[in-house]
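Since the structure comes first, as structure tokens, the remarks are kept for the end.
Note: hydrogens, waters and symmetry copies are ignored here, and every other heavy atom, side chains too, is used. Every number for a ligand or one of its atoms is a count from 1 in the order of the listing.
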Amino acid sequence: MFNVPKDAGQAPARLAESGYVPLADFLTAEGLTLLWQEAARLGDIALRRDFSMACMDDSPRRMTTLGGQMIAEKSQMIPRLYKGEELISLLGRLTGQDVAPVPDPMERHVLNILHQHGDTHGGHTDDYPYALVLFLEAPSDPEDGGLLEFTPHTPDLAALGTPAAVTAHHQAGDAYLLRSDTTAHRVTPLTRPGARRTVLNFAYTLPNHTVHKTNSADQLYR
Ligand SMILES: [Fe+2]
């Protein structure tokens, strides 16, 4: 379902440098088709969200989401991929650490769909150390928005939108790995009607990781 990146050995250094590792063409053509079909099916029961996240500097959430608990109920493919030995072992190589599935089913694997003009997943940090984000749909033109923006070495949401922030464009089939608890990040608004961005976000933890849990996941995925 996914390709092992040729430069996997350089990933731990890249994570240390910026907190971010792009994984171009991560999904095989078959993997992308299967996951896209699964996401399209699950999208029918996903929920529209439109609010400001108080605990994340009132940053906007304009998106449609499906939480991990519902995905576990309705999909075999996604939970199997998420906790499969093949992926966990690859993530161990990419991080140089002993990554593990997170304890809270709601936060393990979530579906985020940006599909309306202006849709955005506003600035935040995650509860768990690593996010692997798999792109099932994305605007092919970076001008259409839906870009990842992140701030190397700082969880300060105020650094987003400043010259300290970095933006990255991804295509369907790509993925990225982010040190997501200590790196502020957001998805820039979709700027063209008809543009869509659908991702699966897989969260992973580390042994002895202390979760400073916010209620943000609850508001977005419950
Ligand atoms: Fe995140």
Of all N/O/S atoms in D126, which lies nearest to the Fe ion (ligand 1)?
OD1
Output the atom name for the N/O/S atom of H185 with the smallest distance to the Fe ion (ligand 1).
NE2
Please determine, by modelled atom types, if H115 and R48 share a side-chain donor-acceptor pair under 3.5 angstrom.
yes
is_close_aromatic(Y176, F26), centroid dist under 6.0 Å
no
Which atom name does H124 have for its N/O/S atom nearest to the Fe ion (ligand 1)?
NE2
State whether R14 and E17 are salt-bridged, where the test is any N-O pair (Lys NZ or Arg NE/NH1/NH2 against Asp/Glu carboxylate O) under 4.0 Å.
no
For R61 and S59, which I'm curious about, is there any donor-acceptor pair between the side chains at under 3.5 Å?
yes
